[in-house]
Amino acid sequence: MSAQVDCIFCKIIDRKIPANIVYETDSVLAFHDIQPVAPVHILIIPKTHIPTMNDVKESELPLIADIHRAAQEIAKQFGIADSGYRLVNNCNRDGGQVVYHIHYHLLGGELIGGLRAL
Ligand code: AMP
Ligand code: ZN
């Protein structure tokens with residue numbers, strides 16, 4: 001689990017900067033977003049430093065499954081499994097990515113707007 005120097009999320013994984021952690025396994029960490037845009041706004045990250053979705057290797061695909069498992073568990077933990085939620089990964093500039101360590105936003109607790117129904 002190689003930490004990237006200057007990566008804010010690697011620093012959270014290494015407990016070098018604080019975060020409000022809500023879920024942790026050997027492969028995944030989840031914590032409250034510092035600037036929430038919904039009543040429930042949790043970030044779920046792999047403990048491996050992967051800059052973007054484009055960089056996920058075949059061997060790392062199980063980490064993506066682990067993140068989805070974490071989302072299931074956290075949604076239950078926060079009581080939003082039945083009311084529903086959105087799980088979002090932003091990739092690169094046009095996707096609105098700001099932190100270049102893969103993360104999924106788990107958003108819920110109210111009707112999440114901003115995207116048309118697909
Ligand atoms: P993105 O635009 O998908 O890269 O989202 C990055 C997210 O990380 C934003 O929603 C930020 O509010 C959040 N964020 C940045 N720094 C921290 C931090 N130290 N602790 C928790 N969330 C953070
Ligand atoms: Zn990182």
Side-chain angles (χ1 to χ4, degrees):
M1 308 224 178
S2 50
Q4 177 91 2
V5 183
D6 289 340
C7 170
I8 196 160
F9 289 173
C10 282
K11 285 182 181 155
I12 288 175
I13 292 163
D14 290 343
R15 305 307 201 264
K16 287 183 178 144
I17 64 169
N20 189 349
I21 293 168
V22 298
Y23 179 93
E24 182 168 22
T25 67
D26 286 348
S27 62
V28 164
L29 189 71
F31 48 90
H32 285 274
D33 195 293
I34 206 166
Q35 285 187 294
V37 300
V40 177
H41 187 171
I42 305 294
L43 298 176
I44 309 172
I45 68 173
K47 287 187 175 174
T48 304
H49 180 85
I50 305 170
T52 81
M53 183 53 72
N54 292 336
D55 304 306
V56 179
K57 299 178 195 135
E58 183 85 23
S59 61
E60 293 167 333
L61 285 174
L63 292 174
I64 305 303
D66 293 346
I67 287 168
H68 280 251
R69 168 60 77 191
Q72 285 182 334
E73 296 294 329
I74 297 162
K76 264 191 269 174
Q77 195 177 314
F78 283 82
I80 59 165
D82 292 337
S83 51
Y85 52 89
R86 186 173 292 163
L87 190 61
V88 179
N89 169 254
N90 297 325
C91 182
N92 275 338
R93 181 196 60 208
D94 285 357
Q97 186 171 6
V98 173
V99 178
Y100 281 78
H101 179 132
I102 279 190
H103 51 279
Y104 282 69
H105 299 255
L106 176 68
L107 300 158
E110 67 182 11
L111 184 61
I112 305 299
L115 285 181
R116 65 184 173 84
L118 297 171

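A quick note: this is a predicted structure, and the numbers were derived from the prediction, not measured. Quick note: residue numbers are just sequence positions, from 1.
By the criterion of side-chain heavy atoms lying less than 4.5 angstrom apart, applied directly or through intervening Ile, Leu, Val, Met, Phe, Trp or Tyr residues, L63 is not grouped with Y100; the two fall into different hydrophobic clusters. Note: the hydrophobic cluster containing I50 also contains V28 (ILVMFWY, side chain heavy atoms under 4.5 Å, direct or indirect links). Side-chain heavy atoms closer than 4.5 Å link hydrophobic residues (I, L, V, M, F, W, Y) into clusters, and following such links, even through other members, never connects I102 to I12. Both Y23 and Y104 sit in one connected hydrophobic cluster of ILVMFWY residues. Membership requires side-chain heavy atoms under 4.5 Å apart, directly or through other members. Linking Ile, Leu, Val, Met, Phe, Trp and Tyr whenever their side-chain heavy atoms come within less than 4.5 Å puts I42 and I80 in one cluster.
R86 contributes atom CZ, which lies 8.0 Å from atom CG of L111 (distance to the nearest 0.5 angstrom). Interatomic distance, CD1 of I45 versus SG of C10, reported as 7.0 Å (0.5 Å rounding). Taking CD from Q72 and CD from Q77, the interatomic distance works out to 13.0 Å, rounded to the nearest 0.5 Å. Summarising the geometry, atom CG belonging to L43 is positioned 10.0 Å from atom CD1 belonging to I74; distances are rounded to the nearest 0.5 Å. Summarising the geometry, atom CD1 belonging to I21 is positioned 4.5 Å from atom CG belonging to L29; distances are rounded to the nearest 0.5 Å. Taken from CD1 in I67 to OG1 in T25, the straight-line distance is 9.5 Å, to the nearest 0.5 Å.
The list of ring pair (Phe, Tyr, Trp, His ring centres under 6.0 Å) pairs with a residue in residues 78-98, not counting sequence neighbours, reads H32-F78.
Taking the salt bridge (charged side-chain N to carboxylate O under 4.0 Å, His left out) definition, one finds that R93 meets it with nothing, sequence neighbours left out. With sequence neighbours left out, E110 forms a side-chain contact (heavy atoms from CB on, under 4.5 Å) with A38, P39, I112. A search for side-chain contact (heavy atoms from CB on, under 4.5 Å) contacts involving P51 returns H49, D55, not counting sequence neighbours. A search for side chain to side chain donor-acceptor pair (under 3.5 Å) contacts involving H105 returns H41, not counting sequence neighbours. Residues passing the ring pair (Phe, Tyr, Trp, His ring centres under 6.0 Å) test with F9 are F31, H103, sequence neighbours excluded. Taking E24 as the reference, R15, K47 meet the salt bridge (charged side-chain N to carboxylate O under 4.0 Å, His left out) condition, with sequence neighbours excluded. Taking N54 as the reference, T52, C91, N92 meet the side-chain contact (heavy atoms from CB on, under 4.5 Å) condition, with sequence neighbours excluded. Residues passing the side chain to side chain donor-acceptor pair (under 3.5 Å) test with N90, sequence neighbours excluded: none.
Contact detail for H101 and P46: the closest heavy-atom pair is NE2-O, 2.8 Å. When all heavy atoms are compared, the tightest approach of A3 to D14 is CB-OD2, 3.3 Å.
Its side chain outside the 4.5 Å cluster rule for every partner, I34 clusters with none of the Ile, Leu, Val, Met, Phe, Trp and Tyr residues.
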